[in-house]
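Report on one structure; see the data block that follows.
On a predicted model such as this, the values are computed, not experimentally measured, just so you know.
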Amino acid sequence: MPETAPADLPPAPVADTLPGLVPGVGPDGRPRPDAPLAAVTGVTGYVGGRLVPELLAAGYRVRALARHPERLRGRPWFDDVEVVTADASDPDQLRAALRDVDVAYYLIHSLGTGRRFEQRDRHTALVFAQSAREAAVRRIVYLGGLYPEGQELSPHLASRTEVGEILLASGVPTTVLRAAVILGSGSASFEMMRYLTERLPAMTVPRWVDNRIQPIAIRDVLRYLVGSAAMPPEVSRGFDIGGPDVLTYREMMQRYAAVAGLPRRVIVGVGVLTPRLSSLWVSLVTPVPSGLARPLVESLVHEVVCDEHDIARWVPDPPSGLIGFDRAVRLALQRVQAADVVTRWTSASVPGAPSDPLPSDPDWAGGSLYVDEREVEVDASPAALWRVIEAVGGERGWYSWSLAWRLRGLADRLIGGPGLRRGRRDPRRLRVDDAVDFWRVEEVVPGELLRLRAEMRLPGLAWLELRVEPAGPGPDEPPTVFAQRALFHPHGLAGQVYWWAVYPFHGIVFGGMQHNIARAAETAEGA
């Protein structure tokens, strides 16, 4: 992949290109106490997690709404915002969370959540619209999907269109931004295109690869989101937003290959691949699971090109123009190479995955808590051991019986779970709520503790704890103890059967993992 000059990275924040539209920060570089208050939903997601720091840099006070606020603790902006517990489907919680809010960002959708997503989307949008009106919110801003007029839309695109209409009918001035493919490091659309292009020098593809698409860089999406907060109250409508290039998906893959320094791809279109078959094929080749790939593929069945650029009247284009496809890809790849991916499509929880915290009582919920505990002495410093632990998973793997881990990941994907190929956001550092293959970080205490909560499909709840403990002060004592715990809370008889079925393999899987992590730390210490 060719090197790209660091100077090609655009300046941050996006507020730098919105003079006169944003409040601006105070002398201390923080939002002023009387600055407008922005409420942001979907803060654990891909776009919401990137929007919060942009709003802060623009001078807005920010209130982050989340069902599980503890999941935000690892975010670098956590101490700079007001965090409020709010379920977007609970009217009472939502009204309280939207009190005194000037602009509310609705960044919630049920992409990839399975059956009945339309009802969930509709209900949540209606509750949000009513709550915003009752709380006297001055403006709603929603990021939806670009769609062609007069055509039968895919279920997910139709649902996002309906959500926009519900919010526009709320009685609150509303900005609906309609975007097609979003190009940015970590976005599901970008990851899908990236892996398809990099892994397949030749491919057979469905007819939709020749439909025209107007992609947009994530930086320009964020710029429109921030700028929309300042629209006058008489403006309440939808806007098409897109970058300067209109391309087919075939052209996008070829241009990605050129930017990434890859040979030109051989792409042969056929007419027999349905969206369902296409999504299964995508899930086999890329880390994006079929449940998420299908709505992305279905949206590509339509030609999605902007019919207007009216947004420029209220949010003018930046002086250097909107970011084109090639530059957006270069910027995204720079972030990937530098391990500087701020948020990723895996930021949002897997639908249906457990979110219960680790129980402190072994008889929690009236059931059993099975525990597999192991300790090993490590002839390496605590810091060396922690570096190995914090880098576990992703490309480095799990340090034991790799075939068993791969088979477990494959089985998980076949039954609708995330599998192992989600990887990591950052290859070296972890924060609370990061996805690590089919685990999610529930707790991280740097240098001491990493607790992972399983998001694979299981008949129960599971955690894996990796702990670094300094050994005793004696001269003959090893410097470090590596403590490891696997915990499982079974659900019913199926959970009991599962635990005892896999228990005989714990020595190979978890014992081997502990031994190899310890050896890797000792090797690193010696080097």
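Sequence neighbours left out, the pairs with a member in residues 24-48 that pass salt bridge (charged side-chain N to carboxylate O under 4.0 Å, His left out) are R30-D80. Counting only residues at least two apart or on different chains, no salt bridge (charged side-chain N to carboxylate O under 4.0 Å, His left out) pair has a member in residues 311-322. Screening residues 51-62 for salt bridge (charged side-chain N to carboxylate O under 4.0 Å, His left out), with sequence neighbours left out, gives no hits. The list of salt bridge (charged side-chain N to carboxylate O under 4.0 Å, His left out) pairs with a residue in residues 124-140, not counting sequence neighbours, reads R95-E134, D102-R138.
Once rounded to the nearest 0.5 Å, the distance linking CG of L430 with CD of E443 reads 12.0 Å. Rounding to the nearest 0.5 Å gives a distance of 11.0 Å between OG1 of T161 and CD1 of I166. With rounding to the nearest 0.5 Å, the separation of CD1 in I108 from CG in L143 is 12.5 Å. Atom-to-atom distance recorded for L466:CG and L449:CG is 8.5 Å, nearest 0.5 angstrom. Of the inter-residue distances, the one linking D92 atom CG with D87 atom CG reads 11.5 Å to the nearest 0.5 angstrom. With rounding to the nearest 0.5 angstrom, the CD atom of Q484 is 10.5 Å from the CG atom of L450.
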Exercise for the section: Please test F482 against I389 for side chain to side chain contact (heavy atoms under 4.5 Å, CB included), starting from the C-alpha separation and ending with a verdict. Expected result: CA-CA 10 Å; F482 175 21; I389 288 174; 3.7 Å; yes

Problem - T85 and R67: CA distance, side-chain angles, deciding distance, side chain to side chain donor-acceptor pair (under 3.5 Å) verdict - result: CA-CA 5 Å; T85 302; R67 281 184 298 172; over 6 Å; no

Practice task
In sequence, state the C-alpha distance, the side-chain angles, and the governing distance for L94 and V127, and then conclude on side chain to side chain contact (heavy atoms under 4.5 Å, CB included).
Solution key: CA-CA 8 Å; L94 207 49; V127 170; 3.9 Å; yes

Exercise for the section: Report the C-alpha distance between S159 and D121 in whole Å, list the side-chain angles of each, state the deciding distance to 0.1 Å, and finish with yes or no for side chain to side chain donor-acceptor pair (under 3.5 Å). Expected result: CA-CA 7 Å; S159 179; D121 276 345; 2.8 Å; yes

Problem - Worked check of side chain to side chain contact (heavy atoms under 4.5 Å, CB included) between T41 and F128 - result: CA-CA 10 Å; T41 63; F128 190 89; 3.8 Å; yes

Practice task
Test T174 against V141 for side chain to side chain contact (heavy atoms under 4.5 Å, CB included), laying out the working first.
Solution key: CA-CA 6 Å; T174 298; V141 180; over 6 Å; no

Handout entry: Residues D437, W405; criterion side chain to side chain donor-acceptor pair (under 3.5 Å); working and verdict
Key = CA-CA 10 Å; D437 295 328; W405 285 95; over 6 Å; no

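When side chains are defined from C-beta on, T175 does not count as touching V235, because their heavy atoms never get closer than 4.5 Å. Residues L72 and W77 form a side-chain contact, since some pair of their non-hydrogen atoms from C-beta on lies under 4.5 Å apart. Using a 4.5 Å heavy-atom cutoff, the side chains of L177 and S228 are in contact. For the pair V62/V40, a side-chain contact is recorded, criterion being any heavy-atom separation below 4.5 Å from C-beta on. Two residues are said to be in side-chain contact when any heavy atoms from C-beta on lie closer than 4.5 Å; L65 and Q93 fail this criterion. A heavy-atom distance below 4.5 Å is found between the side chains of P318 and L322. Side-chain contact between F510 and S400: absent, with no pair of heavy atoms (C-beta onward) separated by less than 4.5 Å. Within the 4.5 Å cutoff, the side chain of F78 has heavy atoms near those of the V83 side chain.
With sequence neighbours left out, the salt bridge (Lys or Arg N to Asp or Glu O under 4.0 Å) criterion links D100 to no other residue. In terms of the side-chain hydrogen bond (donor to acceptor under 3.5 Å, both in side chains) criterion, E448 has no residue partners (sequence neighbours excluded). Not counting sequence neighbours, the partners of Y142 by the ring pair (Phe, Tyr, Trp, His ring centres under 6.0 Å) test are Y106. Checked against salt bridge (Lys or Arg N to Asp or Glu O under 4.0 Å), R99 has no partners two or more places apart in sequence or in another chain. Partners of D220 by side-chain hydrogen bond (donor to acceptor under 3.5 Å, both in side chains), not counting sequence neighbours: none found. Residues forming a side-chain hydrogen bond (donor to acceptor under 3.5 Å, both in side chains) with S185 (at least two apart in sequence, or on another chain): R50. Qualifying salt bridge (Lys or Arg N to Asp or Glu O under 4.0 Å) partners for E373, counting only residues two or more places apart in sequence or in other chains: none. By the salt bridge (Lys or Arg N to Asp or Glu O under 4.0 Å) test, E162 pairs with R122, sequence neighbours left out.
Under a 3.5 Å cut-off, the side chain of Y105 and the backbone N or O of L225 do form a donor-acceptor pair. Remark: side-chain polar atoms of T124 are paired, donor with acceptor, to backbone N or O of R120 under 3.5 angstrom. T343 contributes a side-chain N or O that, together with a main-chain N or O of Y46, makes up a donor-acceptor pair within less than 3.5 Å. At distances below 3.5 Å, at least one donor-acceptor pair connects side-chain atoms of R63 with backbone N or O atoms of A97.
Closest non-hydrogen pair, V137 versus L98, comes out as CG2-O, 3.8 Å. Closest approach of A125 and V163 over heavy atoms only: CB-CG1, 3.9 Å. Smallest separation of non-hydrogen atoms from V481 and L385: O-CD2, 4.4 Å. Taking every heavy atom of both residues into account, V22 and A15 meet most closely at CG2-CB, 4.2 Å. S381 and T480 make their closest contact through C-OG1, 3.3 Å (heavy atoms, listed as atom of the first residue, atom of the second, distance). What you find for V43 and A64 is that their closest heavy atoms are CG1-CB, 3.9 Å.
Between F488 and W463, the ring centre distance reaches or exceeds 6.0 Å.
The only member of M513, R453, E442 that meets side-chain contact (heavy atoms from CB on, under 4.5 Å) when paired with L464 is M513.
Under 4.0 Å is where a charged nitrogen must lie from a carboxylate oxygen, and between E70 and R73 no such pair does. One finds no salt bridge joining D433 and R431 here, because no Lys/Arg side-chain nitrogen approaches an Asp/Glu carboxylate oxygen to under 4.0 Å. A salt bridge between D434 and R425 is present, with a side-chain N of the basic residue lying under 4.0 Å from a carboxylate O of the acidic one. Taking 4.0 Å as the cut-off between side-chain N and carboxylate O, E390 and R396 do not count as a salt-bridged pair.
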